[in-house]
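Computed over heavy atoms, backbone and side chain alike; hydrogens, waters and symmetry mates excluded. Throughout, numbering of the chain's residues begins at 1 and tracks the sequence.
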Amino acid sequence: MVTPRPGNPALQRLQLRIELRKARNRARLTQRQAAAQMEWSPSKLLRIEAGEVGISVHDLRPLLSLYEISDPDVVERLLGLARGSRKMPFAEYRDIYGQNFLNFLAMESAAFVTRAFQPLVVPGLLQTEEYATEMIRAYSSNKFSAPQMQRLLEGRLQRQEVLDRDDGETYFILDEAVLRRQVGGPSVMRRQLRRLAELAAHPRRQIMIFPFSSGTAAAQGPFTLFEFEDDLQCFVYLENLRTPADISTAREDFDRHLAVFWELEGRSIKGERVPAVLLQMAEDIDNERHRSPAPATPPPPPQEG
């Protein structure tokens, strides 16, 4: 049995849900059968095994008894996981974040290795406050009130604290279109590019650029791969800006997307060249702004009738 890294509720809950699912399968019980014997609703056990909710020590003890787990050391270790995983990261944002995204944030905070490919926008972990504000306004203004959008911004900036961890590695591949698209206008994008250049200089954060000259990215949508210590299962997060994301734990899905990531990495700009390329892009915005004429006034719409 492995011991999870202390102090990380997300990793402890992930470990516990895996252990409980394995224990139920060893006991040859379906979720419905186990829930019935515990006198729970089926949805309660389903949500526990999915990591959507924690489990109290009071509930865990009889569940372990049902699964015929009696070794004192094993029982105490699992109870410790339950105690440590009650308070999940970003739980205060449950009213504005969907469950899949909360699961994503939990994995993001706990992952030992994170790899992300983004062909559409700058990843949330790398966004400046201005860029994040523009993205939230563009995609959330019809769903949330102004105070809620402010909390979305606060949550996004809070996520970036994971970049300050001493452990863990992060790898990002950004399509060149992400860097050329001026979200929020020239000044916002110029500062975003300079921020990316700063982040790219960090030894444990690799930012790569998939250039136009490398051709197509095989019509690949955005995805994030999470790997954990202690041989925990890997996760694939398939992102969509407008519809709920999908999380896969299937090993074949992870391996397939990892192969795609490596293939994209092989065709990307990386290493010491990246900060210089990003700063040159920021300078290009300045140069373009100085030489571009003022935009012409659009013609009035045609009169009807």
Side-chain angles (χ1 to χ4, degrees), residues 4-17 51-52 54 81 84-94 96-118 120-133 135-136 150-174 178 192 194-208 222-230 232-239 241 245 247 249 254 257-258 261 265 270 274-275 278:
R5 189 187 329 151
N8 193 312
L11 195 58
Q12 292 181 3
R13 183 174 293 186
L14 176 61
Q15 179 70 60
L16 182 59
R17 62 182 278 202
E52 294 180 13
L81 290 176
S85 64
R86 293 294 291 172
K87 175 63 174 176
M88 288 291 284
F90 300 93
E92 65 271 28
Y93 295 97
R94 283 188 177 277
I96 53 177
Y97 288 156
Q99 186 58 52
N100 265 4
F101 191 61
L102 286 168
N103 290 340
F104 170 85
L105 295 177
M107 290 184 285
E108 183 178 75
S109 71
F112 184 65
V113 179
T114 299
R115 295 181 175 89
F117 170 63
Q118 180 52 263
L120 302 174
V121 298
V122 174
L125 285 181
L126 308 179
Q127 293 175 6
T128 64
E129 182 172 346
E130 291 174 303
Y131 188 104
T133 299
M135 291 302 303
I136 290 169
Q150 180 61 35
R151 291 182 62 223
L152 287 171
L153 176 62
E154 292 169 0
R156 186 162 304 187
L157 297 178
Q158 183 181 332
R159 285 173 57 195
Q160 297 178 2
E161 294 175 7
V162 74
L163 296 176
D164 297 327
R165 282 171 40 188
D166 293 331
D167 58 348
E169 300 175 7
T170 52
Y171 303 85
F172 302 92
I173 299 178
L174 310 184
V178 171
Q192 176 66 73
R194 289 173 177 163
R195 171 62 175 160
L196 289 172
E198 293 174 7
L199 293 171
H202 193 282
R204 298 185 73 87
R205 293 191 292 267
Q206 292 196 31
I207 297 176
M208 295 166 271
F223 64 87
T224 304
L225 306 175
F226 295 113
E227 295 181 56
F228 301 90
E229 294 179 292
D230 302 325
L232 294 182
Q233 67 188 111
C234 303
F235 288 81
V236 181
Y237 183 86
L238 304 175
E239 185 179 346
L241 286 177
I247 297 177
T249 59
F254 180 87
H257 282 84
L258 182 59
F261 189 91
E265 181 178 331
K270 47 189 172 290
V274 172
L278 291 166

(message) Between Gln158 and Tyr93, is there a side-chain heavy-atom distance shorter than 4.5 Å?
(response)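 In contact.
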(request) Find out whether Tyr131 and Val121 are in side-chain contact, i.e. whether some heavy atom of one side chain is under 4.5 Å from a heavy atom of the other. (result)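 Side chain of Tyr131 against side chain of Val121, heavy atoms only: contact under 4.5 Å found.
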(message) Would Thr133 and Glu130 count as a side-chain contact (heavy atoms from CB on, under 4.5 Å) here? Give the steps.
(response) CA-CA 5 Å; Thr133 299; Glu130 291 174 303; 5.7 Å; no
Counting only N and O atoms by type, is there a donor-acceptor contact under 3.5 Å from the side chain of [X] to the main-chain atoms of [Y]?
| X | Y | value |
| --- | --- | --- |
| Arg159 | Gly124 | no |
| Arg204 | Gly168 | yes |
| Lys270 | Glu265 | yes |
| Gln192 | Ala132 | no |
| Gln127 | Val122 | yes |

Nearest-0.5 Å distance that lies between atom [atom1] in [X] and atom [atom2] in [Y]:
| X | Y | atom1 | atom2 | answer |
| --- | --- | --- | --- | --- |
| Phe228 | Gln15 | CZ | CD | 11.0 Å |
| Thr170 | Arg165 | OG1 | CZ | 9.5 Å |
| Leu238 | Thr224 | CG | OG1 | 9.0 Å |
| Leu120 | Leu174 | CG | CG | 11.0 Å |
| Arg205 | Leu163 | CZ | CG | 5.0 Å |
| Phe235 | Asn103 | CZ | CG | 8.5 Å |

(request) Report the C-alpha distance between Leu102 and Arg94 in whole Å, list the side-chain angles of each, state the deciding distance to 0.1 Å, and finish with yes or no for side-chain contact (heavy atoms from CB on, under 4.5 Å). (result) CA-CA 8 Å; Leu102 286 168; Arg94 283 188 177 277; 3.8 Å; yes
Heavy atoms only: give me the nearest [X]-[Y] pair and the separation to one decimal.
| X | Y | answer |
| --- | --- | --- |
| Pro123 | Phe172 | CG-CD2, 4.0 Å |
| Pro275 | Ala201 | CG-N, 4.5 Å |
| Ala200 | Val274 | CB-CG1, 3.9 Å |
| Arg156 | Tyr97 | N-OH, 3.9 Å |

(message) Can you confirm whether or not the ring centre of Phe226 sits under 6.0 Å from the ring centre of Phe104?
(response)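 Yes: the rings meet the under 6.0 Å criterion.
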(message) For Phe101 and Tyr237, take the angle between the two ring planes, folded into 0 to 90°, and tell me which bin it lands in: parallel under 30, tilted 30 to 60, perpendicular over 60.
(response)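 Ring orientation, 0 to 90° scale: tilted.
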(request) Measure up the Phe117 and Phe223 rings against each other and bin them: parallel (under 30°), tilted (30 to 60°), perpendicular (over 60°). (result)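 It falls in the tilted class, 30° to 60°.
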(request) Step by step, work out the side-chain contact (heavy atoms from CB on, under 4.5 Å) result for Arg195 and Leu126. (result) CA-CA 8 Å; Arg195 171 62 175 160; Leu126 308 179; over 6 Å; no
(message) Check this for me: Glu169, atom CD, are more than 12 non-hydrogen atoms of other residues, nucleotides or ligands nearer than 6.0 Å?
(response)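 Yes, enclosed.
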(message) Any carboxylate oxygen within less than 4.0 angstrom of a Lys/Arg side-chain nitrogen, looking at Glu154 and Arg151?
(response)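 The answer is no: the pair does not qualify as a salt bridge.
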